[in-house]
Amino acid sequence: MAIPSISVEMEEDNNVSKEIEQVMSSGNFLHPSSAETNRASPFSRVSSAMSIISLTSSRLSGRLDIEATKSMCQKSLGLLLAFLSGVMMTAYSSMIKFLDEMDSMQVVVIRGLLQLVIMGSVACYKNYSFVGPRERMVPIVLFLVSLTGGLRLLFIFTSFSRLPLGDSTTIVFSSPVFVMLFSICILKEHCGLFRVCAGASLLGGVILIAKPPVLFGSTEESYDLIGYILVCLACLMSALGIVLTKKISKKLEKTVILFYLGLASSICGSVGLFSVGEPSNPPVWEWGLSFGIGVLGLVQQYCLIFAVTLESPSRVMIVRQMQIVLAYVVQIVMFGTMPKWTDILGATLVLGTVITITLEKQIAGISCSKPRTNEKEKAGKPDAELGAASSDKQREAEKK
């Protein structure tokens, strides 16, 4: 776990120099005019020097306290923004269920257009390039990132309107298992026993929540197979988008990437709406609700990005996992849908595994530190024995 650092900036303070001059001139014995008194009192110079040192140290300690307090405030603000991001995502997920006439795909189009206009305006204001570097793979990867982002938003909004809120939220947050899989295949990362066990645990949690009829039997007549397929596809698109975004994040501005994501969301939403959806002209309050959903989606996205800049991503992701618990609370209180024991067990597996995956580096560092210390001890023993042997030989040579 990373140790928090405290930055100290030394600045010249005119008040300190004035106070030191006052101390030296007002009755202190370091002043040249008090030479006779210095002869009479030999400890006066020491006391004056101690007063100056205490004055300077009090100033320094005050500045250290201010810097430490500022750092703690920034970290607390980062965790608060991460929590607010989860709350806002739960809020607009719940608002989708209140739409009666408007299709969820129509909300995707509105959200995409809002993101397109806002991000395009910011990119134009800051004179960002919409083309990026002239490399062969950048346009291809950018197209795949935009496509996966648009499909992800379409699948998420559609599944939220069809499934219980807690189940769909938990399955969406199980995307780290696909992130690990794509990181191994695309980014060539190492796959150890820890990641295999974590992936199996996440997969088991998703199966317990989705309860496929092939394994659990058709106990319910209203099993929404399409809804669970869509939320699993949303999880898949989210993981693939994260891995692909990592490949071009240093070559394109994030604002430009968000602009193309908004464009892809509006296109995917329009295609889905006019092919399998039902375009409608709902009441005014539903239009307002849909715009509110779009605005909340954009604000929670920026809260999450800003939280990661203030606090470590691992802690931010742990706080975001609390959204699973919040989603089940909203599902029970607002919609009166009680989760089953399989849902609770699956959500517990997903929540615990995702938190463990987030702390993978810290866990690996703790486990790897012990063997290294043992190796150092083993390597130190031969050196000590060699040193003792060489000292004995020197003594024998001196005796001879």
Spacing of M119 atom CE and E253 atom CD [to the nearest 0.5 Å]
12.5 Å

Between I209 and T170 the two heavy atoms that sit nearest each other are CD1-CG2, 3.2 Å

What's the separation between atom CG in L165 and atom OG in S94, rounded to the nearest 0.5 Å?
4.5 Å

Decide yes or no for E101 and N281: does some side-chain heavy atom of the first lie under 4.5 Å from some side-chain heavy atom of the second?
no

How close do M89 and Q300 get, heavy atom to heavy atom, and via which atoms?
CB-OE1, 4.3 Å

Would you find a donor on one side and an acceptor on the other, under 3.5 Å apart, between the side chain of Q331 and the backbone of P164?
no

Checking side chain to side chain contact (heavy atoms under 4.5 Å, CB included) for the pair M102/W287: CA distance, chi angles, key distance, verdict?
CA-CA 8 Å; M102 181 177 288; W287 283 106; 3.8 Å; yes

Is any side-chain heavy atom of Y128 closer than 4.5 Å to one of L252?
no

Backbone N or O of C197 within a donor-acceptor pair of the S201 side chain at under 3.5 Å?
no

Closest non-hydrogen atom pair between L244 and V141, with its separation:
O-CG1, 3.6 Å

Check the pair V87, L326 against side chain to side chain contact (heavy atoms under 4.5 Å, CB included), reporting the backbone distance first and the verdict last.
CA-CA 8 Å; V87 170; L326 182 62; 3.9 Å; yes

Taking all non-hydrogen atoms of both residues, which atom of F130 and which atom of G120 are closest, and how far apart?
CZ-O, 4.1 Å

Would you say the side chain of I332 lies within less than 4.5 Å of the side chain of P339, judging by non-hydrogen atoms?
yes

Quick one: CG on L273 to OG on S280, what's the gap to the nearest 0.5 Å?
8.0 Å

Using the rule that two of Ile, Leu, Val, Met, Phe, Trp, Tyr join whenever any of their side-chain heavy atoms come within less than 4.5 Å, decide whether I207 and V196 are in one cluster.
no

Between T148 and V145, what is the shortest heavy-atom contact and its length?
OG1-O, 2.9 Å

With distance as the sole test, does T158 use its side chain to make a donor-acceptor pair with the main-chain N or O of F155 at under 3.5 Å?
no

Within a strict 4.5 Å, meaning less than it, do heavy atoms of the F259 and V122 side chains meet?
no

Flag side-chain contact, heavy atom, 4.5 Å: L240 against L236
no

Can you hop from V172 to L225 via hydrophobic side chains spaced under 4.5 Å?
yes

Is there a path of hydrophobic side-chain contacts, each under 4.5 Å between heavy atoms, that joins V108 and V276?
yes

Ring centre gap for F335 and F98 strictly below 6.0 Å:
yes

Crowding at CD1, I226 (>12 non-hydrogen neighbours, <6.0 Å)
no

Between the OG atom in S290 and the CG atom in D103, the distance rounded to the nearest 0.5 Å is 12.0 Å

Are L233 and L151 close enough, and set up right, to give a side chain to side chain contact (heavy atoms under 4.5 Å, CB included), and what steps lead you there?
CA-CA 9 Å; L233 287 175; L151 292 176; over 6 Å; no

Rounding to 0.5 Å, atoms CG (L79) and CG (L84) come to a distance of 11.0 Å

Keeping the roles fixed (side chain from K126, backbone from S121), state whether a donor-acceptor pair exists under 3.5 Å.
no

Ignoring hydrogens, what is the shortest heavy-atom contact between S159 and G227? Give both atom names and the distance.
CB-O, 3.8 Å

Is it possible for you to say whether V117 and V107 belong to one hydrophobic cluster, with membership spreading through side-chain heavy-atom contacts below 4.5 Å?
no

With a 4.5 Å cut-off on side-chain heavy atoms, are W285 and D100 touching?
yes

For K340, does its backbone N or O pair with a side-chain atom of D343 as donor and acceptor, under 3.5 Å?
yes

Would a distance-only check, ignoring hydrogens and angles, find a side-chain to backbone donor-acceptor pair under 3.5 Å from K211 to T342?
no

Rounded to the nearest 0.5 Å, how far does OH of Y228 lie from CZ of R162?
11.5 Å

Using side chain to side chain contact (heavy atoms under 4.5 Å, CB included), reason through V206 and L202 one step at a time and then give a plain yes or no.
CA-CA 6 Å; V206 172; L202 277 176; 5.5 Å; no

With the side chain counted from C-beta on, respond yes when L114 and L298 share a heavy-atom pair under 4.5 Å apart, and no when they do not.
yes

Using the side-chain contact (heavy atoms from CB on, under 4.5 Å) rule, pick out the option among L345, V350, L203, I344 that qualifies with L208.
L345

L289 and L99, any side-chain heavy atoms less than 4.5 Å apart:
yes

